[in-house]
Structures are given as C-alpha cells and as structure tokens.
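All residue numbers in this chain count up from 1 along the given sequence.
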Amino acid sequence: MTPTLSQRIERLFWALTPTLMTLLLLLVVAVPLGLPHFSSIAPLVSVMSVYYWSIFRPEVMPAPAAFLIGLAEDVLSGGPIGLMSLVLLLVQGFCVSQRRVLLSRPFLVGWWGFSFVAAGASLATWVMACLYYLAWFDPRTAAAQFLLTVTLYPLATWLFSRTEARLLRQA
C-alpha cells in the first residue's frame, strides 16, 4: 500500500525535525546577549544534537544533515567554513558506530560518553582554529566552552527526548 500525501509529508516533517530544531538552537545561541565573550564559549548545541539523534534516531540524523548543520554553524559563527562540518561528521560517525553500546546504557554513562565526545570536539575546533588563523588562542576558552556544553547536555537531552516522544505519538 502506498502512503498518502499527508503520510509522506508527516514522514518528511519527522525526518527534518531534528535538523530544523538544531538550526533553530544555533540561531538562539548566535543571538547577541550582551554578555562579554559569550560567543567564544557558547555551548556546542550542534554536537549535543548530533550526538543525541545519531544514537537514538540515526535515521533522522544522517551524515548529510550533520554536514549541513556544521556549515550553518560556521556561517553563523564566522568560523572557517567546513570546520564544524568535519567535527560533526566525526561525531556522527562515532555515535553511529558505537550506537549499540551507548543505547543500552543508563543516562549517566551516555553523559560520560558525551563528555568525551564534547572534549574531542572542543579540542579539535580549538586546534583547527589555531592552525587556520595561524594564531594561538587561549585554551581556557575551549575549556570553558567544553564545560558549558557538558553541563547543558542533560537539558538538551530532555528537550530532544520530549520532541522525539511527541513526534512518535503523532506518527
């Protein structure tokens, strides 16, 4: 039986929701808040999202979606084009390859796993930015971004899981 037009639209909406939600979160984080230096330590919401969705619903966070999210983040942040795309592709690939291990564990183990992924992402973006700009950036900035990202991960997970549950209920 072929799906109706409304069923196809609903499936497309479900498939695009994590990507669109991540892009919206990137816009929220990019809004100037008047806090000095916030943009340099803004949480890596893209890493949180790609990590979560690649583990719990990898079909809605394929590599092309992670790549496009990374490009959008680079454009919004003014960073080197392709930097976050590369980082997010690595995160997505790692999560998909370790999905079976991470999926069956309690939240604290997943959070611990996320802290390693976020550390790698923060370190990679810092190193690549230093190399790209041929400048030495204060590593404490990357450390602060890492700490903020890991601290906010439970809130992001709550938001993503509520979104997932709502979409599954409506499907």
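Taking every heavy atom of both residues into account, Ile41 and Ala144 meet most closely at CG2-CB, 3.8 Å. Considering all non-hydrogen atoms of both residues, Leu89 and Ala63 come closest at CD2-O, 3.4 Å. The two residues Pro18 and Ala15 come nearest to each other via the heavy atoms CD-O, 3.8 Å. Across every non-hydrogen atom of Gly82 and Asp74, the tightest pair is N-OD2, 2.8 Å.
In the hydrophobic clustering (ILVMFWY side chains linked at under 4.5 Å, chained through shared members), Val109 stands by itself.
To the nearest 0.5 Å, the span separating OG on Ser115 from CG on Leu147 amounts to 10.5 Å. Residue Phe114 holds its CZ atom at 7.5 Å from OG1 of Thr157, rounded to the nearest 0.5 Å. To the nearest 0.5 angstrom, Leu26 atom CG is 8.5 Å from Met84 atom CE. Rounding to the nearest 0.5 angstrom, the gap separating the CD atom in Gln98 from the OG atom in Ser54 is 12.5 Å. To the nearest 0.5 Å, atoms CD1 (Ile81) and CD (Glu73) are separated by 11.0 Å. Atom-to-atom distance recorded for Leu25:CG and Leu44:CG is 12.5 Å, nearest 0.5 angstrom.
Legend: residues meeting side chain to side chain donor-acceptor pair (under 3.5 Å) with Glu164, ordered by chain and number and at least two apart, are Tyr52, Arg57. For Thr125, the side chain to side chain donor-acceptor pair (under 3.5 Å) test picks out no residue, with sequence neighbours left out.
In this structure, Leu86 and Met128 have side chains that are in contact, with non-hydrogen atoms separated by less than 4.5 Å. In this structure the side chain of Met61 reaches within 4.5 angstrom of the side chain of Ile69, judged on heavy atoms. Residues Leu83 and Tyr132 have side chains not in contact (no heavy-atom distance under 4.5 Å, counting atoms from C-beta outward). Here the side chains of Pro43 and Gln145 are not in contact, with every heavy-atom distance at 4.5 Å or above. No side-chain heavy atom of Leu20 sits under 4.5 Å from any side-chain heavy atom of Leu24. Between Arg99 and Val96 the shortest side-chain heavy-atom distance does not fall below 4.5 Å.
Residue pairs that meet the ring-ring contact (aromatic ring centres under 6.0 Å, His included) test with at least one member in residues 64-92, sequence neighbours left out, do not exist here. A side chain to side chain donor-acceptor pair (under 3.5 Å) check over residues 17-29, counting only residues at least two apart or in different chains, returns the pairs Thr22-Ser49. Note on residues 84-96: no pairs pass side chain to side chain donor-acceptor pair (under 3.5 Å), not counting sequence neighbours.
By the criterion of side-chain heavy atoms lying less than 4.5 angstrom apart, applied directly or through intervening Ile, Leu, Val, Met, Phe, Trp or Tyr residues, Val127 is not grouped with Val47; the two fall into different hydrophobic clusters. Leu71 and Leu23 end up in different hydrophobic clusters when Ile, Leu, Val, Met, Phe, Trp and Tyr side chains are linked at under 4.5 Å. Cluster membership check: Leu123 does not share its hydrophobic cluster with Val45, using side-chain heavy-atom separations under 4.5 Å among Ile, Leu, Val, Met, Phe, Trp and Tyr. In the hydrophobic cluster analysis, where Ile, Leu, Val, Met, Phe, Trp and Tyr join through side-chain heavy atoms closer than 4.5 angstrom, Ile9 is grouped apart from Leu16. Linking ILVMFWY residues whenever their side-chain heavy atoms come closer than 4.5 Å, directly or via other members, places Val87 and Phe94 in the same cluster.
A centroid separation of less than 6.0 Å is found between the aromatic rings of Tyr153 and Tyr51.
Without hydrogens or angle criteria, Trp53 side chain to Pro58 main chain gives no donor-acceptor distance under 3.5 Å.
Trp111 and Phe107 have tilted rings, their planes meeting at an angle from 30° to 60° on a 0 to 90° scale.
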